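What you are looking at is a predicted structure, and each value in this text was computed from that prediction instead of being measured.
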Amino acid sequence: HLPALPVVARGVTYETSTGDEAYDAYEVVLTVNGQRCAAVLTVVPEERFQACAEEPCSDEALLGHMAIAALGLDVHCRSRSMQKAQVEDASGSIGPL
């Protein structure tokens, strides 16, 4: 079991495939490849994962673009992967973030 998470907001409205839905939002700390960032997490009700649900949810987890950027990652759609972001310095050299 996880300890209780800090609540960021209750009843935040998100536009979903089933229309506007309210979720509680929690603060978490993510660590990926040694990089750490704070992120906001929402929880989908357990009944949405049942096969007989009106609009079943198949996502185990989604990582938002703000967290991806804060972790210094680039998304590579063709390979369905994320890699360390590459940045260009003042001299024009490209290297890891």
- [ ] Tell me whether I68 is reachable from L41 by hopping between hydrophobic residues (I, L, V, M, F, W, Y) whose side-chain heavy atoms are closer than 4.5 Å.
- [x] yes
Open item on the list: Evaluate L5 against E27 for side chain to side chain contact (heavy atoms under 4.5 Å, CB included), listing each step before the verdict.
Closed with: CA-CA 6 Å; L5 297 172; E27 182 179 34; over 6 Å; no
Task: OH on Y14 to OG1 on T42, rounded to 0.5 Å - done: 5.0 Å
Open item on the list: Just so I know, are the side chains of Y26 and V7 near enough to count as touching, which here means a heavy-atom distance under 4.5 Å?
Closed with: yes
Task: Donor-acceptor pair, side chain of D74 and main chain of Q83, under 3.5 angstrom - done: no
Open item on the list: Using the rule that Ile, Leu, Val, Met, Phe, Trp and Tyr join whenever any side-chain heavy atoms are under 4.5 Å apart, tell me whether L71 and V40 fall into a single cluster.
Closed with: no
Task: Shortest non-hydrogen separation from V29 to R36 and the atoms involved - done: CG1-CG, 3.3 Å
Task: Atom pair CG (L63) and SG (C37), whose distance is rounded to the nearest 0.5 Å - done: 7.0 Å
Open item on the list: Same cluster or not: V12 versus M66, using hydrophobic residues (I, L, V, M, F, W, Y) connected whenever any side-chain heavy atoms lie under 4.5 Å apart?
Closed with: no
Task: Gap between atom CG of N33 and atom NZ of K84 - 0.5 Å precision - done: 7.0 Å
Open item on the list: Is it the case that atom NE2 in H65 sees more than 12 heavy atoms from other parts of the structure closer than 6.0 Å?
Closed with: no
Open item on the list: Distance check, rounded to the nearest 0.5 Å: L30 atom CG versus Q35 atom CD?
Closed with: 12.0 Å
TODO: Check whether any side-chain heavy atom of V43 lies under 4.5 Å from a side-chain heavy atom of D24, and answer yes or no.
DONE: no
